[in-house]
Structures are given as structure tokens and as C-alpha cells.
Q: 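One structure is given below, represented as C-alpha cells, and several questions about it will come after.
Letters A, B, ... are given to chains in the order of the sequence lines, protein chains preceding strands, and every chain is numbered from 1.
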Amino acid sequence: MEDRTLILSIIGVYMLSCIAVGAWAAMRTKSVGDFFVAGKGIGTILVGFAAFSTTMSGFGFIGGPGLVYKFGTSSFWICCPAILGFAITALLVAKRFRIFSQLFEILTLPDAVAIRYQSELCRFLTALVILLGVIAYLGTNILAFGTVASTFFEIDFTVAAAGGMTVVILYAVFGGIIAGLYTDVIQGFIMTFASVALFWIALSIAGEGSFLAGPGNITQAFHDANMADSVGPWGVLGPMACLGYFFLFAIGGSGQPHVITKYFMFRDDKAVRWSLPLTAVAYTLCILLWMSVGFAMKYLVITGKTSALPIGHEDNAAPLFVLNHAPAWLAGIVFAGLFAAIMSTADSFLNIGAGVFVRDMPRVFLRRTISNELFWARIATVALAISATLFALWARQHGDLIAILGTFGWGLFAAAFVPVVAIGFNWKRATWQGAAAATIVGLVANLGLDLVGKYPKEAPLYKIPGSVSIGAIALLASMVTIVLVSFLTPPQTPSKELETAIDC
Amino acid sequence: MSSKQDRRMAAIGSLCGIILLLVLVGDRLSETIKLLTVALSLQSIAGLLIHSGLRVSKTDRLYQVSYTICTVISGLILVSIILLEQRYGASPPKLFGMEAATTLLVLGITLWPFSLVTLWVLGFYRIVLPPETRAKLEDKSASL
């Protein structure tokens, strides 16, 4: 069998397995509760793998190596603190959401926020931010899919992106979150295997056949090429930018709705306990790809063994490395892993976005629920997928790196939701005014700083000193806001159930 | 500010405010002092958040102390990275083929948090969901 045929066959098997899982899950999805929270009956492996594979998105698998290629170790400050982030998220959110979902009827994040703060305004603001973030993040993943598929299959970018989304729609629409969770497990295994295998190959190539010599050769080559900054602890972007990433990705994890909504679905305490180590170990194995491939690719460029990637196309580092340096059977698995990373995140976003349309917006604007929520959830999933694909194709014309858009999505969620969820669900004194103000500050700071940092194009109005990321500044501002406004406004009187849920 | 949790949150808000000021208008301070202050503030925020999520029974201080030690060591890793880089610049000693500070980043920042993961698993029913919490929860859940 030719290499290309073998690779295509492996990818085809993976895609078909996703659709098959979707068909199986469709038979188990009988209510809107099944569609959004899997009937609150899932265990350790499903939650553990789902939390990690939705975090390790196209941003991580494609954008990560691209960032390493461009900025060196600066991007390690995005992926490395995430383990600390998982631990903080488990302590602040996993336990609390398990308790809330046991005591209240919660299917979406805005549901939980509305119950916690006894405020429909907070529900609306949460839903609004989710919609904006979902479009940005889905766009990121669609762009990543298009980049990989068009590079490898040599087909039009639009066709590639639309094809990928069609498969996601096929399983996410009918199987809901159940399909998403089970495909996450498949995708998680593929991603982990692909990552470890590629890590080995990348360092072996850089080490001229010796895996252990890889890091030393890379460090030496960068020093010889007067690019020592890239392999120093702060990379090209410098220390303050890196500490900003550290904060954003260690603390910001507890505000990512596609991850934390998984914690509504725990079957029992045992699943809460064991899902964290599973998530942390799987994620750690997965970032091996992030950390190694970008450097190996740059090493090959510096030593003249391959040609440099054109500026603005750094995201091609991972796909091109796989095509040129992995055996065909492994390339097939790695490509399936790349697609898996993208699709596992996309299906989660489609699900939480559909929840906003079907469950939260009617409650905010119509003051009631809609009938046949399951049917409308499926329609909303399709509509959201199409809108996000169109947005992604539009965003591509503006030349942004995939990872930059991904950072924006992460930053937006972190700034808007860390104060409201991680702080507010553990602090009885947090008020609805504090939560609403923090969400607004998070949203406005993210969008505002992004705009003034880009426009006018000749001389932008303001640049954050030290290249600190917008998301980190917005997160700091929103955390100050919730604390300050909560102390300045009268305390709320929670119901007995609510008091139990917060104090437990 | 009547409770311990109130004081924790006030401290978190203050530390966030300090970092904001240092980043946005702190350019007159020396780089090393600024970096050390920001790094220690970040780590303190993480530590305070972690402690705000624990519900420690008064008889079970061991786990609380362990969480504190783990958080302090995380802070020391950050400080070591800053000081190593300031000390050696672009000609540092190598460790596992990488610059020493980069090795601390890759192995320290990534792997040390597993100490928190281990504490979570070991102390889950004593510090995260103690028996009295579970009993209270079961009662409420049954009465709904």
C-alpha cells in the first residue's frame, strides 16, 4: 500500500469511528439532560479524558508547535502551567459543581451562575460571553483543521474546513454530549499516543539519531545561530509576557466553560477524585508534542536541513514535520490525532453554545422554557457550526495566527468566568453586582485592549508594556472588580440549599 | 470582612491590583525586583485560591500544611528561574542539555504540580470532601 493511501485509510477509519459513536450515542440521547450533561451519570475515565482532550485543542496541537517555532520557550509558559491549572480547577470548581449539580437542576454554565447569584442578568452576561468565546474558539479550531487538511490533502482550504465540520456536526448533532464524551476518549488515546511518538522522533532527529542528545543539540544550534533567547527560560517574548501567560493559563483554566461544564456530569464522588490525576497525566504526555516539534523544525531550518516556513505560516510546523519525518503508519495516527484534538474541542463548544440558545436565552428574554428543547438543541448545533465556519473563513483573510485567536478565546473566558465561578462559587460574600461587573470588565478589557493594540494600524493607540497578554491583564482587572464591588454592595441572603452548596 | 474567606479574597484582590500596577506603570522599578514581586504575588494568588477551595476540619491540619508547602515550593521554582536567568544570562550551565533555568521551567513548572494532584487524591475524603460535608450534602440532596 502506498504511504499516502495508508495515511488516508487510518484517517478514514478514525472519522468513521467518530460517526459510529455519534450514531450509537444518538440512541442513548433521549432528553435534553442527556444532550447537555449526559444525564449526570458519567465516571472517571470519561470526565478525565474529556477534560484533557477538550483543553488540548487545535490551539495546542497545531498552534503550540507554531508558537514554539516562532517564539521559542515563551510558549512553554502556556502549556506547562496548565497542570497547576488542572489542580486549581479541581479544587475550586470540580468539587463545587458536583455539589451544585447534586442539589439543583443545572444543565448549562449560565444555569449554575443564575442559581448561585440569584440573578438573570448574570445568566445573560454569562451566556453572551459564551457565545462570543465559542465563535472565536470554534473559529480557531476550524482554521486549524483547514490548515492541516489542506496542507496534507492538497485541497482547497474552504473544502477542508467544511469537510471537517461536517463530520463534527454528524456526531455532535445527533449524539449530543454523550457522543462528544465517548469520542473524546478515542481522541484522547490517539492524541496521547501521537504525542509521545512524535516527541521521540523530534528529539531523535535533533539528536542525529540519539534521543538524549536532542535537547543539547537544539540548545547549541540556537546559541550558534545567535538565537539564544529562544532557548532561554523566557523565550523571545521576555519575562513579563511569560509570567502573564503563567497566570492566565494556571488560574484561567478554571474559567473555561467547555472544560468546567464537564464537572456537572459526575456520577459520584469517586469520579471527582480520580478524574484529576487522569487528566493531568494525559495532558502532560500530550504537551510533549507541543514542546518538541516546533523546536525540532526550527533546528532543521537553522542547520540548513530544511527550508524556513514563510512568515505567517508557522502553524504549518507540526503538519509539515509529520509529513516529512514520520513513517506512514505513524503519520496516519498523528494526523488522526491532530484532527482529534481539533474535533474534541469543537464538539464541546458546539454543545455549550447550543445550550445558550436553547436553555438560557429563552429564560432571559421570554422568561420561560421552550418546548421540545432536544429538537431545538440539534438545530442550534447545526446553525452554530455553520456560523462559526463562516467566521473562521472571514478571520483567515485577516492573517491572524491560529494561536493568537485561541489565546483570545481562552483569555476572554478566563477574565469573564474565573471571578464568577472560581471565586464566586467558593465565596459566600460575592454578590450578583460583583459578578456582573467582573464579567463586563473581563469582556470590555479583552475587546478594548485588543482593539487599541491593533488600531490604527500605522500607530496603535496603546500597547501593554512587556508584551503581557491581553487576557492576563483582563483577568487581573476582573478579579479586582469582583472583590471590590462585592465588598461595596450589600451581601445577598442565600437560600439554605445555596448556603450548603457554597459552604460544603 | 468577617470571615477567613473574606480576608483571603481581599488579599487576592489586593495582589491582583499590585500586579496590575507593576505591569502597567511599574517601568521605573528595577527589572529583577519587579519580576520577583510579580512572581511571588502570582504564586500567592494561586495558593490563596487553593486554600479557599479546601474545607479543612480543625483536626486535620496535616493536609493544609502540605498544600502550603507545595505552593511555597512552586513559588521558589519561579524565583529560581528568575534568579538563574539574571545571574547567567545567555551563557548558563546546562542541565539535561537545556539551560538550567529552562530545565527548571520544563521539569519544575510542569511536574511539581503533581504534588498537588497527589494530595488531592490522598486527602480527598479528609480535606476535599470530609465525612461531615458528605453527610450534610446527602441530607440536603435527599430532602429535595
Q: Hey, does Asp6(B) have a side-chain heavy atom less than 4.5 Å from the side chain of Trp427(A)?
A: yes
Q: Which atoms of Val231(A) come close to chain B, meaning under 4.5 Å heavy atom to heavy atom: side chain ones, backbone ones, both, or neither?
A: both
Q: State the CD1-SG distance between Ile482(A) and Cys16(B), to the nearest 0.5 angstrom.
A: 11.5 Å
Q: Name the region of Leu111(B), side chain, backbone, both or neither, that has any atom closer than 4.5 Å to a heavy atom of chain A.
A: side chain
Q: Select one option (side chain, backbone, both, neither) describing which atoms of Phe295(A) are under 4.5 Å from chain B's heavy atoms.
A: neither
Q: Under 4.5 Å between any side-chain heavy atoms of Val117(B) and Phe86(A), yes or no?
A: no
Q: Rounded to the nearest 0.5 Å, what separation is found between the CE atom of Met479(A) and the CG atom of Leu49(B)?
A: 5.0 Å
Q: Assess whether side chain to side chain contact (heavy atoms under 4.5 Å, CB included) is satisfied between Thr110(B) and Tyr283(A), documenting all intermediate values.
A: CA-CA 10 Å; Thr110(B) 308; Tyr283(A) 180 85; over 6 Å; no
Q: So, does Gln5(B) use its side chain to make a donor-acceptor pair with the main chain of Lys428(A) at under 3.5 Å?
A: no
Q: For each of Leu42(B), Thr103(B), Leu104(B), Ile50(B), tally heavy-atom pairs with chain A at distances under 4.5 Å, and name the one with the top tally.
A: Leu42(B)
Q: Looking at Leu35(B), Leu15(B), Leu116(B), which makes the most heavy-atom pairs under 4.5 Å with chain A?
A: Leu35(B)
Q: Among Glu85(B), Lys34(B), Glu31(B), which residue satisfies the side chain to side chain contact (heavy atoms under 4.5 Å, CB included) criterion with Pro239(A)?
A: Glu31(B)
Q: Against chain B, label Ile251(A) side chain, backbone, both or neither, depending on which of its atoms sit under 4.5 Å from a heavy atom there.
A: side chain
Q: Against chain B, label Arg98(A) side chain, backbone, both or neither, depending on which of its atoms sit under 4.5 Å from a heavy atom there.
A: neither
Q: What part of Ile287(A) gets closer than 4.5 Å to chain B, counting heavy atoms only: side chain, backbone, both or neither?
A: side chain
Q: Among Ile12(B), Asp27(B), Leu20(B), Leu119(B), which has the most heavy-atom pairs under 4.5 Å with chain A?
A: Leu20(B)
Q: In terms of heavy-atom proximity below 4.5 Å to chain B, should Val281(A) be classed as side chain, backbone, both, or neither?
A: both
Q: Rounded to the nearest 0.5 Å, what separates atom CD1 in Ile45(B) from atom CG in Leu476(A)?
A: 6.5 Å
Q: Could you tell me the separation between the CD atom of Glu99(B) and the OG1 atom of Thr73(A), rounded to the nearest 0.5 Å?
A: 8.0 Å
Q: Hey, what do you get for CG (Leu84(A)) to CD (Gln43(B)), rounding to the nearest 0.5 Å?
A: 6.5 Å
Q: So for Ala477(A), is it side chain, backbone, both, or neither that comes closer than 4.5 Å to the heavy atoms of chain B?
A: both
Q: Can you measure from CD1 (Ile19(B)) to CG (Leu243(A)) and round to the nearest 0.5 angstrom?
A: 9.0 Å
Q: So which of Ser14(B), Gly53(B), Gly17(B) has the largest heavy-atom pair count under 4.5 angstrom toward chain A?
A: Gly53(B)
